[in-house]
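What follows is a single structure, written as structure tokens, with notes after it.
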Amino acid sequence: MQTSPPSTHGFADQFFAGARACIPVVLSVAAYGMVWGVLARGAGLTPLEVLMMSGLVFAGSAQFVALDLWTARPATLPIGPLILAALIINLRYLLITATLRPLFRPDQTWKGALMMGIVSDETWAMTMLEMQRGRGTIAFLLGGGVLAYVCWLLTTLLGYMAGSAIADPATYGLDFAFTATFLVLLFGMWKGKADLLPWAVAALSAIVAAHVVPGTWYVLIGGIAGSLAGAIADTVRHVD
Amino acid sequence: MWTSPQALAAILGMALVSFAVKALGLLLANRLPRHGFAAAWLRHVPGAVLASLVAPALATGNPAELLAALATALMYWRSRSLILSMATGVLAVYVARLALAG
């Protein structure tokens, strides 16, 4: 594992490389952004609230669940449940940002923590892939992150303004863009047969959890079960 | 109307907990040992999280998603291109849903 980013690449080069590499996954972000904007209008958010939610919360799945709880009348707005739902849905980020540790030197911990706000599932996955290939830098992560952030802000607003003029993405199979993207990113991470056990355990646990537990707990449950299975298998085989 | 104090409180609260969880993941990871079991565990997290994100969406009981996943995998195997594979998957699920519905 590398502990410091290679110094042969400049910050700007890596920043733009990250943004460029993330263009395909940001297309999937854009599709979801449009849908969220359309639904936000239906849920009674004001344009300023759309801007603040996308700009400050910046978490797709949490924002979708928030729309279910949202009320147009401020007096009935369930503030506590909205915050609690955002917390629970985003708990998977404990695992996700933990894996970015090799990007930062021990003395960069707090600086890194501040940067984590811009991390999303999509740009994290692209950065992980880059790290597995022995590259991957803080600038790469930020480049993809900034692109996804700007795109999310613009498309949620666009969806809000266009309203129901935009059709349901499931009609054109666009809802599958997310699944297809992450499937390909998973293939890209394949290193050998040692991956089979953790991935199978993760997939099965996630499928069972998705049926039994509401919300996005299945990501956390599958992620923990699969990674523990992998670590136990490594320990048994004495690999490190 | 621009916004309300209640909506502002809800959005700021949501923003705060979302950021806190993301920051905490990295801060906690930095306290983990860099060798041995903890390091092995952390190394397996990305694949496990990705598999968990994808699996329930494929196991919907609807063959359209499985067929599309197969098409995505084939395209990735042939082309190694993320964008081509993604487009293939979207097109395949669209066609498969039409075919299976009709």
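In what follows, chains carry the letters A, B, and so on, assigned in the order in which the sequence lines appear, proteins first and then strands, with residues in each chain numbered from 1. Keep in mind it's a predicted model, so treat the numbers as computed, not measured.
Interface remark: A/M128 contributes side-chain atoms only to the contact with chain B (heavy atom separation under 4.5 Å). Only the side chain of A/F178 comes within contact range of chain B, with heavy atoms under 4.5 Å apart. Contact annotation for B/A64: neither backbone nor side-chain heavy atoms come within less than 4.5 Å of a heavy atom of chain A. For A/A177, the parts lying under 4.5 angstrom from a heavy atom of chain B are both the backbone and the side chain. Using a 4.5 Å cut-off between heavy atoms, A/I221 does not touch chain B at all. For A/W190, no part lies under 4.5 angstrom from a heavy atom of chain B. Heavy atoms closer than 4.5 Å to chain B are found in both the backbone and the side chain of A/L82. Heavy atoms closer than 4.5 Å to chain B are found in the side chain of A/M189, but not in its backbone. Residue A/I232 touches chain B through both its backbone and its side chain, counting heavy-atom pairs closer than 4.5 Å.
With respect to chain A, the highest number of heavy-atom pairs below 4.5 Å among B/A73, B/G89, B/A68, B/P56 belongs to B/P56. Per-residue heavy-atom pair counts under 4.5 Å with chain B were compared for A/L100, A/L186, A/L204, and the maximum is reached by A/L186. Chosen from A/D195, A/L114, A/I96, the residue pairing most often with chain B at heavy-atom distances under 4.5 Å is A/L114. Heavy-atom pairs under 4.5 Å with chain B were tallied for A/I23, A/V208, A/L77; the largest tally goes to A/L77. When each of B/V95, B/T72, B/V90 is scored by its heavy-atom pairs under 4.5 Å with chain A, the top score falls to B/V90. Interface summary for chain A: among B/A96, B/G47, B/A57, B/S85, the most heavy-atom pairs under 4.5 angstrom belong to B/G47. Top candidate by heavy-atom pairs under 4.5 Å with chain A, chosen from B/S81, B/P5, B/P46, is B/P46. Of all the listed residues (B/S52, B/A20, B/A55), the one sharing the greatest number of non-hydrogen pairs under 4.5 Å with chain A is B/S52. No other option in A/A209, A/A200, A/A125, A/A113 has as many heavy-atom pairs under 4.5 Å with chain B as A/A113. Chosen from A/G226, A/G222, A/A98, the residue pairing most often with chain B at heavy-atom distances under 4.5 Å is A/A98.
In this structure, A/R101 contributes its side chain and B/L32 its backbone to a donor-acceptor pair below 3.5 Å. With hydrogens and angles ignored, the 3.5 Å screen pairs no side-chain donor or acceptor of A/S227 with any backbone N or O of B/A48. Panel note: side chain A/T97, backbone B/A23; no donor-acceptor pair is recorded below 3.5 Å. With B/T3 contributing its side chain and A/E49 its backbone, the two residues share no donor-acceptor pair below 3.5 Å.
Considering every non-hydrogen atom in both B/V17 and A/A86, the closest pair reads CG2-CB, 4.0 Å. Summarising the geometry of A/G188 relative to B/Y76, their closest heavy-atom pair is CA-OH, 3.6 Å, with the distance given to 0.1 Å. Pairing each heavy atom of A/I207 with each of B/A59, the nearest pair is CD1-CB, 3.7 Å. The two residues B/M86 and A/T181 have their closest heavy-atom pair at SD-OG1, 3.0 Å. Nearest heavy-atom pair across A/I224 and B/W41 is O-NE1, 4.3 Å. Nearest heavy atom pair, residue B/L26 against residue A/G112, reads CD2-C, 3.4 Å.
Annotation: side chain of A/D234 is not in contact with side chain of B/F37 (no heavy-atom distance under 4.5 Å). B/L50 places a side-chain heavy atom less than 4.5 Å from the side chain of A/W124.
By the 6.0 Å contact criterion, CZ on B/R78 is open, its count of non-hydrogen atoms from other residues, nucleotides or ligands being 12 or less.
Annotation: the span from A/L56 atom CG to B/L8 atom CG amounts to 9.0 Å, rounded to 0.5 Å. One finds the OG1 atom of A/T109 at 3.5 Å from the CG atom of B/N30 (value rounded to the nearest 0.5 Å). One finds the CG atom of A/D175 at 12.5 Å from the OH atom of B/Y94 (value rounded to the nearest 0.5 Å). Atoms CE and CG, on B/M14 and A/L87 in that order, are 11.0 Å from each other to the nearest 0.5 Å. Atom CZ in A/R73 sits 11.5 Å away from atom OG in B/S4 (nearest 0.5 Å). In this structure, CG on B/L58 lies 5.5 Å from CZ on A/F176, to the nearest 0.5 angstrom.
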Mind running side-chain contact (heavy atoms from CB on, under 4.5 Å) on A/L27 and B/I83 for me, showing each step along the way? CA-CA 9 Å; A/L27 289 179; B/I83 189 119; 3.5 Å; yes
Step by step, would you call A/F58 with B/K22 a side-chain contact (heavy atoms from CB on, under 4.5 Å)? CA-CA 11 Å; A/F58 186 54; B/K22 289 177 179 177; 4.2 Å; yes
